[in-house]
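Note sheet for the following structure.
Both counts, for ligands and for their atoms, begin at 1 and track the order of listing. As the structure is a computational prediction, the values presented were derived from the model and not from experiment.
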Amino acid sequence: MTKDNLDLKFEDYKYVRPDLEKLIADIRALTERLINAKTVDEAIETYNELNKVTSDADSMVSLAHVKNSIDTKDEFYDKEMQFIQENFPKVEEVSVEYIREFVNSKFRKELEEKFGVYLFQKYENYLLTFNPSIIEDLVEEAKVVMEYQKLLSSCSKEWNGEQLNLTQLSKYSQDKDADVRRKATNLISEVYDEQTEKLDEIYDKIVKIRDRMAKKLGYKNFVELGYKKMGRVDYNAKDVESYRKQIVETIVPICNKLREEQRKRIGLDKLTFYDEPIFFKSGNPAPHGEKDWMLERAEKMYSELSPETKEFFDFMKRKNLFDLDAKSTKAAGGYCTYLSNWRSPFIFANFNGTTHDVEVLTHEAGHAFQVFSSRDYIPEYTWPGMESAEIHSMSMEFFTWPWMDLFFEEEADKFRYNHITHALMFLPYGALIDEFQHVVYENPELSPKERRAKYRELEKKYLPHRDYDGIKVLEEGGFWFRQRHVYQMPFYYIDYTLAQVCAFQFWNKDRKDHKTAFADYLRLCKTGGTKPFLQLLDVARLENPFINGTIKKAVEPIEEYLNSVDASKF
Ligand code: ZN
């Protein structure tokens, strides 16, 4: 990229539809050149050129995605997204051939020295998840997953004369007024109750398709394939099983205690599902200003945290790499992505005046900071695996704790207590969603009703405090209908918990010795995705969550902290 290009602001980033025919021809030609390469340098050259042509196309895909989510009503980008979704599988088909030749190259040893063994592990892993015989299944899977998305976004209920969708209703299910909460929660449950048959049917189809693909590729069931698709090369389902056991033994009792304290704090005889969102009688903490006010504070925060974070945040601000205001035409949710042609991270969010807004400026900024710090690597190493990527974001949430007074003023301690308590309480739910999926894919013949019964049984193990107070669809094991990962991203969910356990370790290290802790964190961010999960833990001097006892050690200091806080004053 020329310097001019790097000085551009986001609004000047120009989208051009990728020329797919040319791209496919280029990849084919590079594959031929790789096969005929006489020296290792020739082989390396094909790889560098491949990265050049594919990252041009990938940049355009990412840019179209960003523009489309900023304005979902913009027909131009809507069409471009459709074009991309329909045509990119053709590119994948030829890329696979290049990758196959690359891992089988006669220069493999020299190439490993040049690019690292991990690149080959990643590629080999990928080749084991794909075969032309499953292309039709993949297309069908994507279609059925889309049905889920469409079904839920089409559901609405009347609220004070207005039709509200599930997201809008869920805001009321967290209202301070118990009657409002109860009414909203019941309406949401009614939606899931009415849609039970369809939601069961969609999931049943998805499970059967995934199982079929696994068998075609020679696996016993979808579990091993699912792990490979997540890019996991250094741990397996057995490791995850014993990790979940640690959560049940160590975290579940702590959460029971925290829920009991919550019940007392908000003055109830029993804590039902309706009341769980209410954490403090005085309401949940919220930032004391609007977007521009928060951005000013974030700028101060990152300039004080370290020279590296200052450089990063100045870059993001100078180039307008944020889109934060909530608008009805924007897509829901928040994310961080990377636009490689412009070497720019990008942060997308929908600010709504809750703690969530500050979390965007710490969590998503943590992702953006990592990718900003690893921009010089080959594309495969720009991002690490998901379980590792969430360490950067979740740890940044903790490294920025000392600056939370800027956002929450006299409520800062309340924010901190709320933040870490919810992080702890997330672990059992994350493990529950994970174990449920293992049961589902190990037993693809289960009927939808049996699946839900199994979920309810597991829910009692991980969330024993949970009291649905007779809400039918939830008593019958239908809570996971709302967890889109179960449909869209199998086996992804546990990654958030693995990263959280690592972020807890950073929280603890930071309190003891900020300088060393932050140096470890920086080294981790700068290592990017050049190594798999367990090796990245070594780089950051973090303990392996799969080893029995790690979780206990990580949360003991947190328990101590929680015991030292008098939450009744909040
Ligand atoms: Zn994240």
Does the side chain of S374 pick up a donor-acceptor pair with the side chain of Q370 at under 3.5 Å? yes
K310 (side chain) donor-acceptor with L305 (main chain) under 3.5 angstrom: no
Using a 3.5 Å distance criterion without hydrogens, assess whether the side chain of N125 forms a donor-acceptor pair with backbone atoms of Q121. no
Atoms of protein origin (N, O or S) under 2.8 Å from the Zn ion (ligand 1): H363 NE2, H367 NE2, E390 OE1, E390 OE2
Is a side-chain donor or acceptor of S173 paired with a backbone partner of T185 at a separation under 3.5 angstrom? no
I'd like to know whether NZ of K553 has more than 12 heavy-atom contacts from other residues, nucleotides or ligands below 6.0 angstrom. no
For the aromatic rings, using the six-membered ring if either is Trp, is the centroid distance between Y15 and Y77 under 6.0 Å? yes
